[in-house]
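Computation of the quantities below employed the complete heavy-atom set of this structure, encompassing side-chain atoms and omitting hydrogens, waters and symmetry-equivalent molecules. Residue numbers begin at 1 in each chain, while the letters A, B, ... track the order of the sequences.
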Amino acid sequence: MNGPVRVRYAPSPTGLPHVGNLRTALFNWLFARSRGGQFIVRIEDTDRTRLAQGAVEGILSGLRWLGIDWDEGPEVGGPHAPYFQSERLEIYQEAAQRLVEAGRAYRCYCSPERLREMRRQQAREKLSPGYDRRCLNITPKELEERRREGREPVVRFRMPDSGEITVDDIIRGEVTWRSELLDDFVILKSDGFPTYHLANVLDDHHMEITHVLRAEEWLSSSPRHLALYDALGLAPPRFGHLPMILGPDRSKLSKRHGATSTLEYKEMGYLPEALVNFMALLGWSLDDRTEIMNRDMLVESFSLERVVKAGAVFNLDKLEWMNGVYIRAMSHEELAGRVLAYWREYPPAEPPQPVDPAYLLSIIPLAQERLKTLEDAAERSAFFFRSELEYEPKGLALKGADAATTAAALERVLSIVEGRPVFNAEALEQDLRRLGAELGLSGRQLFGLVRVAVTGGKVSPPLFQTMEVLGRERCRRRIRGAIQALTGASGGAEPASAP
RNA sequence: GGCGCAUUCGUCUAGUGGACUAGGACACCGCCCUCUCAAGGCGGAGAUCACGGGUUCGAACCCCGUAUGCGCCA
């Protein structure tokens with residue numbers, strides 16, 4: 001196996017791509033890119049009962065969003081097209097026929113009812129479940145009867161009666177099964193569609209896959225696959241079973257654990273580069289300290305030797321932190337662009353869209369280090385855009401002072417805002433500190449009051465920079481509005497509205 | 001039930017026989033910075049390395065067994 005590495009991601013289009021699936025895709029992709037090999041996408045759509053509308057599009061857009069590109073597969077084609085199993089049926093049917101002729105497989109006419117009864121019986125007698133080979137030695141007469149009944153058979157693979165099957169797993173080492181404990185599994189269903197096992201094995205061979213890297217849940221089917229390769233006279237690829245991604249209860253991550261589809265994370269405002277970095281660390285690590293790694297670093301340092309064996313719980317807290325790290329590392333322009341794009345795709349309730357990009361860009365430096373996700377941006381910046389603030393009188397109350405005193409203090413602030421020749425953070429800070437000293441108010445008290453007057457809330461970015469970004473006019477109107485709210489004067493000369 | 005895999009702080013992990021009084025990160029707590037919130041800095045708490053036996057002068061690390069969890073077979 002000295003040729004180039006060829007790996008694949010082979011999802012079933014049964015729903016939106018799940019983070020566990022995408023992590024498997026990521027590891028395959030990282031392995032391919034780190035070894036200068038190829039990454040192939042193949043759609044395993046042979047289970048027609050579970051097909052979901054739009055699933056293929058969802059899978060591909062999930063990959064694209066994460067920046068996982070494929071060398072062969074849907075949309076890009078390739079030398080082994082088609083890359084949809086539903087369009088490759090003849091390959092599977094022909095192989096199944098060949099296996100039947102060679103005595104390595106046989107047709108089975110057992111009804112679902114009989115199989116169910118058989119399993120019930122086995123469970124009752126505490127035997128290991130599995131097909132009892134009733135149809136392996138079917139007599140010509142019985143066969144004739146079944147045919148006359150018009151029953152369509154399935155094709156079962158005949159497992160070797162004895163011996164051991166050993167998988168030399170890249171991640172787990174050698175794992176051995178006794179083949180007589182494995183039953184004769186179906187390879188071709190009665191509707192002529194292959195099962196996962198047959199299609200997967202044949203396609204991996206035809207597509208010249210060198211390494212099958214898949215989740216651990218497939219480990220138990222690998223001896224069947226090896227037996228199939230053997231019966232077909234094909235050389236198997238190398239196998240590597242990756243640890244699974246688990247929910248907080250340590251069971252396989254699923255819908256009931258909350259958001260699991262990659263596109264949900266996109267909608268929640270996570271950055272693809274952060275998700276990629278985070279997923280790479282679920283079951284793999286570079287060393288005892290390196291955590292923040294961009295795509296190039298991951299490609300450069302990824303290796304299967306450092307893949308962990310045990311399953312990993314998906315820890316949202318850490319993803320959130322990492323997303324914040326990536327947000328903080330961006331330039332202001334970059335972040336502004338991302339926020340704008342995010343708002344275009346998922347318009348927030350506030351601020352009203354579209355937004356002035358230049359104004360947004362001036363806000364970004366104040367919001368950046370406070371964001372965990374892109375979704376936070378709307379809430380964090382909403383007050384910058386509001387045309388009218390609503391005050392709760394309690395919020396405006398200056399501790400230990402009555403409304404009139406508070407209003408008087410705000411009047412002083414207002415005259416500073418109106419009177420400053422230069423309206424910037426530095427100047428405002430100077431003046432407001434002086435005012436505080438004069439009024440005998442601490443910074444906490446005075447600035448807290450002004451903060452509520454100017455932003456409508458008790459929490460905001462640093463006050464003076466915030467005021468500078470808001471601009472003199474907005475500050476003036478808002479402070480007036482606050483004074484009115486305090487004094488109850490409703491008929492002011494100027495309405496406290498308009499930004 | 002059968003088969004298989006796994007098991008180091010709550011979570012992700014480092015660790016491949018002596019540098020382990022087990023390191024880092026997230027989360028948590030405290031202090032500093034400070035106009036609030038963050039971010040940042042410093043510090044703290046948190047793992048008898050699942051348990052029990054061995055092997056060895058010495059074991060988180062090697063061997064055996066047990067337990068638990070998970071996966072697959074439906």
Side-chain angles (χ1 to χ4, degrees), chain A residues 112 115-116 118-120 122-131 165-167 169 171-183 185 196 215-224 241-253 277-292 305-325 327-329 365-372 376 380 395 425 428-429 432-433 436 441-452 454-455 457-467:
Chain A
L115 294 173
R116 218 173 299 133
M118 178 193 72
R119 273 187 222 110
R120 214 170 307 155
Q122 287 165 338
R124 219 177 300 131
E125 293 172 26
K126 300 205 190 298
L127 297 168
S128 57
Y131 183 61
I165 300 177
T166 297
V167 176
D169 191 278
I171 293 160
R172 277 149 227 282
E174 293 193 344
V175 184
T176 301
W177 289 262
R178 304 226 320 266
S179 45
E180 65 266 31
L181 295 178
L182 272 14
D183 76 339
F185 57 99
Y196 166 81
E216 193 199 329
E217 55 191 307
W218 299 109
L219 183 58
S220 338
S221 36
S222 51
R224 299 174 214 280
H241 289 90
L242 306 170
M244 303 216 294
I245 295 189
L246 315 173
D249 62 355
R250 304 205 72 91
S251 69
K252 191 160 106 173
L253 192 65
N277 191 158
F278 178 73
M279 288 197 301
L281 260 16
L282 246 31
W284 176 85
S285 69
L286 173 59
D287 54 30
D288 62 340
R289 53 197 68 252
T290 315
E291 297 212 287
I292 302 299
E305 289 76 58
R306 294 197 59 82
V307 171
V308 153
K309 292 187 180 78
V313 173
F314 189 90
N315 181 198
L316 194 59
D317 274 338
K318 190 149 183 175
L319 205 212
E320 223 174 52
W321 163 77
M322 194 171 275
N323 208 57
V325 170
I327 283 178
R328 274 173 252 132
L366 300 181
Q368 186 162 26
E369 69 188 24
R370 293 169 176 77
L371 300 182
K372 291 221 180 303
D376 295 342
R380 290 272 174 193
L428 284 165
E429 175 159 12
L432 287 172
R433 279 193 191 282
L441 293 171
S442 69
R444 198 185 196 84
Q445 290 174 300
L446 210 220
F447 304 157
L449 171 63
V450 178
R451 164 171 291 110
V452 173
V454 136
T455 71
K458 284 185 170 154
V459 173
S460 85
L463 181 61
F464 313 114
Q465 283 99 306
T466 300
M467 290 176 76

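Going from atom CD of A:Glu180 over to atom P of B:C73 covers 20 Å, rounded to whole Å. When the C1' atom of B:C72 is taken as reference, atom CD1 of A:Ile165 falls 15 Å away, rounded to whole Å. Spacing between atom CG of A:Asp288 and atom C1' of B:C20 amounts to 13 Å, rounded to whole angstrom units. One can place CD1 of A:Ile292 at 14 Å from P of B:A39, the figure rounded to the nearest angstrom. Distance CH2 (A:Trp177) to C1' (B:C5): 9 Å, rounded to an integer number of Å. For the pair A:Ile245 CD1 and B:C70 C1', the interatomic distance rounds to 15 Å; values are reported in whole Å. Atom NZ in A:Lys309 sits about 12 Å away from atom C1' in B:U7, given to the nearest Å. Regarding A:Asn323, its CG atom lies at a distance of 13 Å from the P atom of B:A39, rounded to whole Å.
Among all heavy-atom pairs drawn from A:Arg306 and A:Ser285, the shortest one is NE-O, 2.8 Å. Of all the heavy atoms in A:Pro223 and A:Trp177, the pair that sits closest is CG-CD2, 3.6 Å. Considering every non-hydrogen atom in both A:Leu219 and A:Asp169, the closest pair reads CD1-OD2, 4.2 Å. Between A:Val313 and A:Leu282, the shortest heavy-atom distance links the atoms O-CD1, 4.2 Å.
In this entry B:U21 has no Watson-Crick or G-U wobble partner, no candidate having both defining distances under 3.5 Å. Across all strands shown, B:C9 forms no Watson-Crick or G-U wobble pair with both key distances under 3.5 Å. Pairing for B:G71 is with B:C3, a Watson-Crick or G-U wobble pair whose two hydrogen-bonding atom distances lie under 3.5 Å. Base-pair partner of B:A39: not found among the strands shown (Watson-Crick or G-U wobble, both distances under 3.5 Å). Partner assigned to B:C33 is none, using Watson-Crick or G-U wobble distances below 3.5 angstrom. Nucleotide B:U66 forms a pair with B:A50, judged by Watson-Crick or G-U wobble geometry with both contacts under 3.5 Å.
With B:A25, B:G4, B:C3 as the candidates, the nucleotide lying closest to the side chain of A:Trp321 is B:A25. Among B:A6, B:C37, B:G71, the nucleotide with an atom closest to any side-chain atom of A:Ser220 is B:G71. Here B:G71 is the nucleotide among B:U36, B:G71, B:C35 with the atom lying nearest to any side-chain atom of A:Lys252. When the nucleotides B:U7, B:C35, B:G4 are ranked by their closest atom to the side chain of A:Ala310, B:U7 comes out on top.
Rounded to whole Å, the P atom of B:C29 lies 16 Å from the corresponding atom of B:A45. B:A47 and B:U7: their C1' atoms are spaced 13 Å apart (whole Å). Separation of the C1' atoms belonging to B:C62 and B:A27 is 36 Å when rounded to the nearest angstrom. As rounded to the nearest Å, B:G1 and B:C64 have P atoms that lie 25 Å from one another. Here, B:G54 and B:G17 have their P atoms 23 Å apart, quoted to the whole Å. A distance of about 25 Å separates the C1' atoms of B:U11 and B:U21, rounded to the whole Å. For B:U55 and B:C73, the P atoms lie 43 Å apart once the distance is rounded to whole Å. Between B:C20 and B:C5, the distance separating the two P atoms is 33 Å to the nearest Å.
Nearest-nucleotide mapping onto RNA chain B: of A:Asp183 and A:Arg433, the residue sitting toward the 5' end is A:Arg433. For the pair A:Met244 and A:Ser460, nearest-nucleotide mapping onto RNA chain B gives the more 5' position to A:Ser460.
Across all strands, A:Met322 comes closer than 4.0 Å to no nucleic acid atom at all (heavy-atom distances). At the heavy-atom level, A:Ser285 lies under 4.0 Å from the strands shown only through sugar-phosphate atoms. Backbone-only engagement by A:Val308 is indicated by non-hydrogen atom pairs under 4.0 Å involving sugar-phosphate atoms exclusively. Nucleic acid contact class of A:Phe185 (heavy atoms, under 4.0 Å, all strands): none. A:Arg120 comes within 4.0 angstrom of nothing in the nucleic acid, heavy atoms only. At the heavy-atom level, A:Arg328 lies under 4.0 Å from the strands shown only through sugar-phosphate atoms. A:Lys458 comes within contact range of at least one nucleobase, with a heavy-atom separation under 4.0 Å. If you check every strand for non-hydrogen atoms under 4.0 Å, A:Pro248 touches nothing. A:Thr176 comes within contact range of the sugar-phosphate backbone alone, with a heavy-atom separation under 4.0 Å but no base atom that close.
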Please tabulate the protein-to-nucleotide N/O contacts below 3.5 Å involving nucleotides 9-12 of chain B, giving atom names and distances.
from	atom 1	to	atom 2	distance (Å)
B:C12	OP1	A:Val313	N	2.9
B:C12	O2'	A:Leu281	O	3.0

Would you tabulate the nitrogen or oxygen pairs shorter than 3.5 Å linking the protein to nucleotides 29-33 of chain B?
none

For this session: Go through the steps for A:Trp284 and A:Val308 under the test side chain to side chain contact (heavy atoms under 4.5 Å, CB included), then give the verdict.
Result: CA-CA 6 Å; A:Trp284 176 85; A:Val308 153; over 6 Å; no

For this session: Give the intermediate values and the outcome of salt bridge (Lys or Arg N to Asp or Glu O under 4.0 Å) for residues A:Arg224 and A:Asp183.
Result: CA-CA 9 Å; A:Arg224 299 174 214 280; A:Asp183 76 339; 3.6 Å; yes

Problem set entry | Verdict with reasoning, A:Glu216 to A:Lys252, per salt bridge (Lys or Arg N to Asp or Glu O under 4.0 Å) | CA-CA 11 Å; A:Glu216 193 199 329; A:Lys252 191 160 106 173; over 6 Å; no

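Using modelled atom types and a 3.5 Å distance limit, the side chains of A:Thr166 and A:Thr176 yield a donor-acceptor pair.
The shortest side-chain heavy-atom distance between A:Arg172 and A:Pro243 falls under the 4.5 Å cut-off.
The side chain of A:Arg289 contributes no N or O atom lying less than 4.0 Å from OP1 or OP2 of B:A25.
Legend: residues meeting ring-ring contact (aromatic ring centres under 6.0 Å, His included) with A:Tyr196, ordered by chain and number and at least two apart, are A:Trp218, A:His225.
Ring centers of A:Phe185 and A:Tyr131: at least 6.0 Å apart, outside the cut-off.
Around atom CZ of A:Arg328, more than 12 heavy atoms belonging to other residues, nucleotides or ligands sit under 6.0 Å away.
The base of B:C35 is paired with the side chain of A:Arg451 by a donor and an acceptor separated by under 3.5 Å.
For the pair A:Asn323 (side chain) and A:Leu319 (backbone), a donor-acceptor distance under 3.5 Å is absent.
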